[in-house]
Protein chains: 2
Amino acid sequence: MAKSPAPYNIHDYDVPLTTVDSVLFTVHDEKLKVLLVQRGNAPFAGKWGLPGGFIEQGTDVDLEMCAIRKLKEKTGIAPPYIEQLLSQGGASRDPRGWSVTIVFYALVAHVNCEPHIDSVTDVQWREVSALSAKDLAFDHGQIIQLAHERLQQKALYSIVPAYALPNEFTFTELQALHEVIIGTTLEKKSFRRRIEKAELLIDTGKSTVARGRPAKLYKVKPEGRAYRFVRNLES
Amino acid sequence: MAKSPAPYNIHDYDVPLTTVDSVLFTVHDEKLKVLLVQRGNAPFAGKWGLPGGFIEQGTDVDLEMCAIRKLKEKTGIAPPYIEQLLSQGGASRDPRGWSVTIVFYALVAHVNCEPHIDSVTDVQWREVSALSAKDLAFDHGQIIQLAHERLQQKALYSIVPAYALPNEFTFTELQALHEVIIGTTLEKKSFRRRIEKAELLIDTGKSTVARGRPAKLYKVKPEGRAYRFVRNLES
DNA sequence: TTAGATAGTGTCTTATCGCCACTTATGCGT
DNA sequence: ACGCATAAGTGGCGATAAGACACTATCTAA
């Protein structure tokens, strides 16, 4: 327990193996998907797990920046939305010993990272409803389920899921997205009333051109990003 | 980056100084209070901070159990309610280097730990509204504020604050507690409607004896503890 | 010009919430 | 013993919000 102030030695403390992982969601083909990475090293080599890893003490200024760095490496871009989910830690979740993971969940538009992901083989979008916890590394199956439940709450009470859409989107697209996340249909009028009351969207003035009546295009208000925002990809 | 499976050496990894801290709330004299501990060692020796510390890898099975152990050491009992708040981590929050703290918040009835705390000098209940962030160790002032905000949400939408009361309590006591937490008054009828609809309380059949009409005594349903519960102190 | 398709609105009904007065049940002072 | 002060608990009205669903609006394609 000798403790000289300046020279800090990690061996003075009973410190667990600490990592940062993220559950990155997107929606494609009307299905909710999550980004998984095939592990190259033990433990769980060859299995698929969440993107993440060790903190780089010289690079990462805080936990969120660490999570963003890892996601950027795997997808090519920083996600427009990220938030801390929870931390899991215990003696038995990693065969190497006591470990802790700080988990974030994040959203990204599928189109914005498709090219980068298509170019590698060890990173894939996987449908959430088709995942089996026992096929995943560590306790990542359970963590994904927790993240999904949190995202479902967000879909019911906020417009956070909008960050899984391109910058400009229609009301109908947003509703369809929310429906995919929560797994049921929503009333059109009620949905619109709720979103309008929140006043978190800006009418861009533009409209879609397609079969049927044109739909107004909206984007998320910058102030709507009261939660910590990451990077502004809009013009 | 050499990685032999079995022998695990902490120095192979860039691991931060990881600790577990808790924000333990109670209510006494119609004021919301939080448990603080005076630090004996550097950094911030002499300053007051949250109860917590390093994980004991041989003792603690997971993060929550670690938090409970620390609280038991300081108060003499395990809190009837505890939940993870968030994790803070960064390069500059601890002068010793990159550090992470996993923070829990918890509730306890003041009467249940008063004797133990009165017997020591380095543990105190401190009024939340009278705290100044700059007088506290690390970023603990900011963390307490976040915990308070979370508790306020719980007071508006759940009966979690009930765990800061003795096992049996009246509706009026519960309402007064919620009012202290959120800092405003609540409508009696609306409050009762909300609590009754949730069906999380059991009528004990007993009543108070005092001036005025006797009040029914309730306790929290065991199933009301859908959130992870800690220890059942009731008979 | 019209049918089909999709966007967006009007409006009735139903549930919920804030509000406040009223009733109920006790202790206590005289 | 009686009524008054005190605190618990309820009734009920009007405002607001939420669900349901038919209706209108505006485009493309043939």
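Just the heavy atoms: all of them, side chains too, but no hydrogens, waters or symmetry mates, feed the values below. In what follows, every chain begins at residue 1, and chains take the letters A, B, ... in the order their sequences are listed.
If you find the closest nucleotide of DNA chain D to B:Lys216 and to A:Lys197, the one lying nearer the 5' end belongs to B:Lys216.
Put simply, CG on A:Leu186 is 13 Å from C1' on D:dA18, counting in whole angstrom units. Rounding to whole angstrom units, CD of residue B:Glu173 and P of D:dA7 are separated by 13 Å. In this structure, CD1 of A:Ile195 is placed 16 Å from P of D:dA17, rounded to the nearest angstrom.
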Nucleotide-resolved protein contact map, nucleotides 20-30 of chain D, B/S/- at heavy-atom distance under 4.0 Å: BB---BBBSS-
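If you walk DNA chain C from 5' to 3' and mark each nucleotide with an atom closer than 4.0 Å to a heavy atom of chain A, the marks span C:dA5 to C:dT11.
Across B:Lys188, B:Arg194, B:Arg193, a single residue satisfies side chain to side chain contact (heavy atoms under 4.5 Å, CB included) together with B:Ser190, and that is B:Arg193.
For the salt bridge (charged side-chain N to carboxylate O under 4.0 Å, His left out) test, no residue two or more places apart in sequence or in another chain qualifies with A:Glu114. A search for salt bridge (charged side-chain N to carboxylate O under 4.0 Å, His left out) contacts involving A:Asp21 returns nothing, not counting sequence neighbours.
Looking at A:His178, its side chain never comes within 3.5 Å of a backbone N or O of A:Leu156 through a donor-acceptor pair.
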Pair up each side-chain donor or acceptor in residues 30-38 of chain A with any protein partner under 3.5 Å, not counting sequence neighbours, and list the distances.
residue: A:Lys31; atom: NZ; partner: A:Asp29; partner atom: O; Å: 3.4
residue: A:Gln38; atom: NE2; partner: A:Gly46; partner atom: O; Å: 3.0

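Taking the C1' atoms of five terminal pairs at each end of the helix from C:dT1-D:dA30 to C:dT30-D:dA1, the two resulting helix axes are inclined by 10°, rounded to 10°.
Pairing each heavy atom of B:Thr204 with each of B:Glu168, the nearest pair is CG2-OE2, 3.8 Å.
Residue A:Tyr81 holds its OH atom at 11.5 Å from CZ of A:Phe104, rounded to the nearest 0.5 Å. Rounding to the nearest 0.5 Å gives a distance of 9.0 Å between CD1 of A:Ile55 and CZ of A:Arg69. Taking OG of B:Ser87 as the start and CG of B:Leu63 as the end, the distance is 7.5 Å to the nearest 0.5 Å.
A donor and an acceptor atom, one from each side chain of A:Glu149 and A:Gln153, are nowhere located under 3.5 Å apart.
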